[in-house]
Protein chains: 2
Amino acid sequence: MSLPHAILTALLEKPSSGLELTRRFDKSIGYFWSATHQQIYRELGKLEAEGHIRTLPAEQPARGQKKSYEVLPAGRAELARWTAASQDPKPQRDVLLLRLRAAAVVGTAGLESDLRRHLELHQRQLAEYEEIERRDFPPDRTGPQDRLRHLVLRAGIDLETFWTQWLTEALKEFTALPAEAPEPTGDPSG
Amino acid sequence: MSLPHAILTALLEKPSSGLELTRRFDKSIGYFWSATHQQIYRELGKLEAEGHIRTLPAEQPARGQKKSYEVLPAGRAELARWTAASQDPKPQRDVLLLRLRAAAVVGTAGLESDLRRHLELHQRQLAEYEEIERRDFPPDRTGPQDRLRHLVLRAGIDLETFWTQWLTEALKEFTALPAEAPEPTGDPSG
DNA sequence: ACCCATTGTGCAACTAGTTGCATAAACGCA
DNA sequence: TGCGTTTATGCAACTAGTTGCACAATGGGT
């Protein structure tokens, strides 16, 4: 139940149309809560039906016509309620770690190149975050809102840093490993 | 499409019944791929229908009767295929970061106590991982399989370490913040 | 002999997210 | 003036994961 709240946050920062929201999700909020335009349109419909947002009155809203939304007081209240409500952390799900664990049983063949690819992706993401930090968070501007947003960005930076380091370490292990991990095909005598 | 492969991995490590799998997911594989017993039973049924696993012949399998599974060659082949296949990283989804971002807009009221709770949970998880490391990965035993599994555990440890540090930092910011973040309820003049 | 907690298996309905496609206006241009 | 591309909105079907509950056997106590 987080996507509607992600949308409310984005709309409070700036009223937008569905497509504008999609773009902003791609380069800001989407870094920690991604969504496709289909999801976003669907949620905008629900949020409007619930009275949390409304369309900004403009030209008649025909198909293919830009339609901007703004948050209503009820929507702001709902977002505040949700933000303050206690929530348990979601159980982890990481495919790459699972694959490594599987590789310990069926062998590491084919895995290394994908690790390399992931390493590059994380390095690129890290560079992007650091660019944003340089651009949007100079040492001056330190209002409360800036500090909170900077904190979120720091989480992104530190996570990407962790993954690049871990993947580098993992690749080092791989080259140190025998050509192929033993595949105990039914005989666990070793 | 990862749960069946998580189950295949677990079954290759040791043939088990549904409930045994559930328990092992709770304390090992589940650290990075969690699953409920309902999911596991459902997948076991599918995997059996596909010819990837079979029941170990034992007493007649009636309801409430323990039923153990083992992996067939086709299942092992499928797992090896999946492990080697390139996969894109899933887009991130982190509710806590989203809530912090929302708090920058609607205020931080009520958030701090939940941050504290999360910090405690992560500290506890970290302690558990470190206990496992002490127990299962002494400096000797360094076969290829051990090294891979240790690598996975290190990822868990480092991630939990990151979260405890980040949450500590976040809480520090909170106490430095004004009692309540400004709520620009429609008037962004400040 | 009976009760009840525990162990073990499983179905059904629901929620959230993804994929694929459809539709329509606007814009550039030949 | 017609044609293809981009912008913008949206539906429908599918997949994966969660929640809630049901049912059977077993084992221990009374």
Side-chain angles (χ1 to χ4, degrees), chain A residues 1-8 10-11 15-26 29-30 32-50 53-56 58-69 82 87-95 98, chain B residues 1-8 10-11 15-26 29-30 32-50 53-56 58-69 82 87-95 98:
Chain A
M1 285 282 294
S2 298
L3 178 56
H5 302 98
I7 292 177
L8 287 173
L11 285 181
S16 315
S17 71
L19 194 69
E20 284 164 356
L21 275 179
T22 303
R23 298 228 169 92
R24 291 170 56 199
F25 265 71
D26 281 347
I29 294 209
F32 44 93
W33 202 272
S34 68
T36 61
H37 77 273
Q38 290 92 337
Q39 282 178 277
I40 288 170
Y41 283 119
R42 187 167 44 187
E43 283 304 329
L44 283 173
K46 283 190 203 165
L47 284 168
E48 190 179 21
E50 291 164 357
I53 62 175
R54 69 165 180 192
T55 60
L56 282 174
E59 54 270 77
Q60 69 286 358
R63 234 189 139 81
Q65 206 66 33
K66 202 187 257 186
K67 202 164 61 167
S68 275
Y69 294 89
W82 176 82
Q87 286 193 50
D88 286 330
K90 284 262 156 191
Q92 288 299 310
R93 289 236 156 77
D94 191 291
V95 181
L98 192 57
Chain B
M1 283 281 293
S2 298
L3 178 56
H5 302 99
I7 291 177
L8 286 173
L11 285 181
S16 315
S17 70
L19 193 70
E20 283 163 357
L21 276 179
T22 303
R23 297 229 169 91
R24 289 170 56 200
F25 265 70
D26 282 346
I29 294 208
F32 44 95
W33 203 273
S34 67
T36 62
H37 76 273
Q38 291 91 336
Q39 283 177 277
I40 288 170
Y41 283 119
R42 188 166 45 186
E43 283 304 328
L44 283 172
K46 283 190 203 166
L47 284 168
E48 190 179 21
E50 291 164 358
I53 63 175
R54 70 165 179 191
T55 58
L56 281 176
E59 54 269 74
Q60 70 287 356
R63 233 187 138 81
Q65 206 65 33
K66 201 188 262 187
K67 202 165 62 166
S68 276
Y69 293 89
W82 175 84
Q87 285 193 53
D88 286 330
K90 284 263 154 189
Q92 289 300 311
R93 290 233 155 79
D94 191 294
V95 181
L98 192 57

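Naming convention: chains lettered A, B, ... in sequence-line order (proteins, then strands); numbering from 1 in each chain. All heavy atoms count here, side chains included; hydrogens, waters and symmetry mates do not. As the structure is a prediction and not an experimental result, all values here were calculated from the model.
- For the pair Lys90(A) NZ and dA16(C) P, the computed distance is 9 Å after rounding to whole Å.
- With salt bridges taken as basic N to acidic carboxylate O contacts below 4.0 Å, one links Lys46(A) and Glu43(A).
- If you measure from atom CE of Met1(A) to atom P of dT15(C), you get 10 Å, rounded to the nearest angstrom.
- The side chain of Arg42(A) places no N or O atom within less than 4.0 Å of a non-bridging phosphate oxygen (OP1 or OP2) of dA16(C).
- Toward the 5' end of DNA chain C, the nearer of the two residues Pro91(B) and Glu20(B), judged by each one's closest nucleotide, is Glu20(B).
- Dashed line: the shortest gap from a side-chain N or O of Arg93(B) to OP1 or OP2 of dT18(C) is under 4.0 Å.
- For Gln87(A) and dA16(C), the CD to P distance is 12 Å, given to the nearest whole Å.
- When the C1' atom of dT9(D) is taken as reference, atom CG of Leu21(A) falls 13 Å away, rounded to whole Å.
- Between the CG atom of Leu8(A) and the CG atom of Leu47(A) there is a distance of 5.0 Å, given to the nearest 0.5 Å.
- A sub-4.0 Å separation between OP1 or OP2 of dT9(D) and a side-chain N or O of Ser17(A) is present.
- We find that CD1 of Ile40(A) is positioned 12 Å from C1' of dG17(C), with the value rounded to whole Å.
- Residue whose closest nucleotide on DNA chain C sits further toward the 5' end, between Lys46(A) and Arg23(B): Arg23(B).
- Within the 4.0 Å cut-off from OP1 or OP2 of dG10(C), at least one side-chain nitrogen or oxygen of Lys67(B) is found.
- Formation of a donor-acceptor pair under 3.5 Å by the Gln39(B) side chain with backbone atoms of Thr36(B) is found in this model.
- Straight-line distance from the CD atom of Glu43(B) to the P atom of dG10(C): 14 Å, rounded to whole Å.
- Of the candidates dT18(D), dT18(C), dG17(C), dG17(C) carries the atom nearest the Leu3(A) side chain, counting heavy atoms from C-beta on.
- The CZ atom of Phe25(A) sits 14.0 Å away from the NE2 atom of His37(A) when rounded to the nearest 0.5 Å.
- Scanning both residues, Ser68(B) and Ser17(B), for their nearest heavy atoms gives OG-N, 3.6 Å.
- Between the side chain of His37(A) and the base of dG10(D), at least one donor-acceptor pair of N or O atoms lies under 3.5 Å.
- Of all nucleotides listed (dT18(D), dG10(D), dT9(C)), dG10(D) comes nearest to the side chain of Tyr69(A).
- Residue side chain Gln38(B) does not reach the base of dG17(D) through any donor-acceptor N/O pair under 3.5 Å, judged by distance alone.
- One atom, CG of Leu98(A), and another, P of dG17(D), lie 11 Å apart when rounded to the nearest Å.
- Between the CD1 atom of Ile7(B) and the C1' atom of dT9(C) there is a distance of 14 Å, given to the nearest Å.
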